[in-house]
Amino acid sequence: MTTSEPYERAFDEDIQRGTTEPCPECGGPVRTNSAETVCADCGLIIDEQSIDRGPEWHRDDADTAKRTGAPLTPARHDRGLSTVIGSGQDATGTDLSGQKRRRLARMRREQSRARWRSKQERNLGHGLTEIRRIASALGLADSVRDQACQLFRTAQNERLLKGRSIEAMAAASVFGACRCNGESWLIDDVAPMAQVGQNRVENAYTVLNEELGLPTPPVSLDQFVPRLASDLGCTDVVRRRAEELVVQAVDAGITTGVHPSGFAAACLYMAACVHDAPLTQADAAAAAGVTVETIRSHRDRLLSIVE
DNA sequence: ACGATTATTGCGTTCTT
DNA sequence: AAGAAAACAATAATCGT
């Protein structure tokens, strides 16, 4: 790994740095993805990766890590290195006079005008702002968000923005980053956050995927169960039973071409029935964004293979 | 008895292959 | 283009209060 790719390296470390201690609740193994650290046994969310775990950004070698200034972030068009002129107070925190305030305001204005060196850079800033907005709306981990930003940069460098809107490509980048990280978001989850139509986003993502050859693992069904389970407030036993059902269904090969979150919801519903948990078809369907009939039909198919 | 939930069936639409 | 899947609708049956 060379220092010419500090961002990618930072991502990898960020993902791998997660807790490896056994689960404090049940002592089971923990599983860390880019969004959270969860116990594989009881589903306890140990860490949501939202805290600053002291990233060692600028370091000369692995041992002498030190914090020097703000972290470089791909989420800003200038990687967060631009100077921001403050206002109102001086370095010691005392208020400034009106005259000095006015001078600072003028400096700030002129600097912000000078910040965009080119049209392209302005577009980049626009796109990254959009990505930050969508990512925070979805509650994505910073590492995923940063990958989305990186993806957007690449797309722009490859001239993929020509004829497409920045907003669409920004949303597509977010979705692409999710897919690359095995995040269980569907395009239907991301697209509503965008300020353009869903088909624009889909188009942008298609281009992104084809031109860049994104390493997107196929959507795995089991990713959907934990999210739905927590949305529906299912117990751990139910969730685990549902996960078993998913595995059996995949093995039986009846999961091709089905709405993944709908199927996961059906597994959850059936698991809830087995354990006499109070989960109605309507609730399961609503959480998955499908109708009760879908839940029912999948439930029946599950019954036919579970014998 | 009543409302809520679940089952059953048919049919036009949307999506996958 | 063909076939499967999901949605929609109408109606019946079941269950708990």
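Heavy atoms only: backbone and side chains are in, while hydrogens, waters and symmetry mates are out. Letters A, B, ... are given to chains in the order of the sequence lines, protein chains preceding strands, and every chain is numbered from 1.
The OH-C1' distance, from A:Y269 to B:dT6, rounds to 7 Å in whole Å. Summarising the geometry, the separation between CG on A:L279 and P on B:dA4 is reported as 18 Å, rounded to the nearest angstrom. When rounded to the nearest whole Å, the span between CD of A:Q281 and C1' of C:dA6 equals 15 Å. Going from atom NE2 of A:H298 over to atom P of C:dA5 covers 8 Å, rounded to whole Å. The distance between atom CG of A:D300 and atom C1' of B:dT8, rounded to the nearest whole Å, is 11 Å. For the pair A:D283 CG and B:dT6 C1', the interatomic distance rounds to 13 Å; values are reported in whole Å. Straight-line distance from the CD1 atom of A:I295 to the P atom of C:dC8: 14 Å, rounded to whole Å.
Nearest nucleotide to the A:R299 side chain, out of B:dA7, C:dA7, B:dT5: B:dA7. Between C:dA5, B:dT6, C:dA7, one nucleotide has an atom nearer to the side chain of A:V290 than all others, and that is C:dA7. Checked against B:dA7, C:dC8, C:dA5, the side chain of A:T291 finds its nearest nucleotide in C:dC8. Checking B:dA7, C:dA5, B:dT5 against every side-chain atom of A:T280, the shortest atom distance belongs to B:dT5.
Nearest-nucleotide positions on DNA chain C for A:R296 and A:P260 put A:P260 closer to the 5' end.
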Original post:
Step by step, would you call A:D222 with A:V247 a side-chain contact (heavy atoms from CB on, under 4.5 Å)?
Top reply: CA-CA 8 Å; A:D222 50 14; A:V247 172; 5.8 Å; no

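Side chain to side chain, A:D283 and A:T280 meet the donor-acceptor criterion of an N or O pair below 3.5 Å. For A:Q156 and A:N123, the side-chain atoms include no donor-acceptor pair closer than 3.5 Å.
With respect to the salt-bridge test (charged N to carboxylate O, under 4.0 angstrom), the residues A:E130 and A:R133 qualify. Under 4.0 Å is where a charged nitrogen must lie from a carboxylate oxygen, and between A:D189 and A:R227 at least one such pair does. Of the charged side-chain nitrogens involved, none lies within less than 4.0 Å of a carboxylate oxygen, so that A:E244 and A:R240 do not count as a salt-bridged pair.
Both A:M270 and A:I305 are assigned to one and the same hydrophobic cluster, defined by single-linkage of ILVMFWY side chains at heavy-atom distances under 4.5 Å.
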Subject >> Sugar-phosphate or base contact per nucleotide [nucleotides 9-17 of chain B; S, B, -; heavy atom under 4.0 Å] >> reply: -------SS

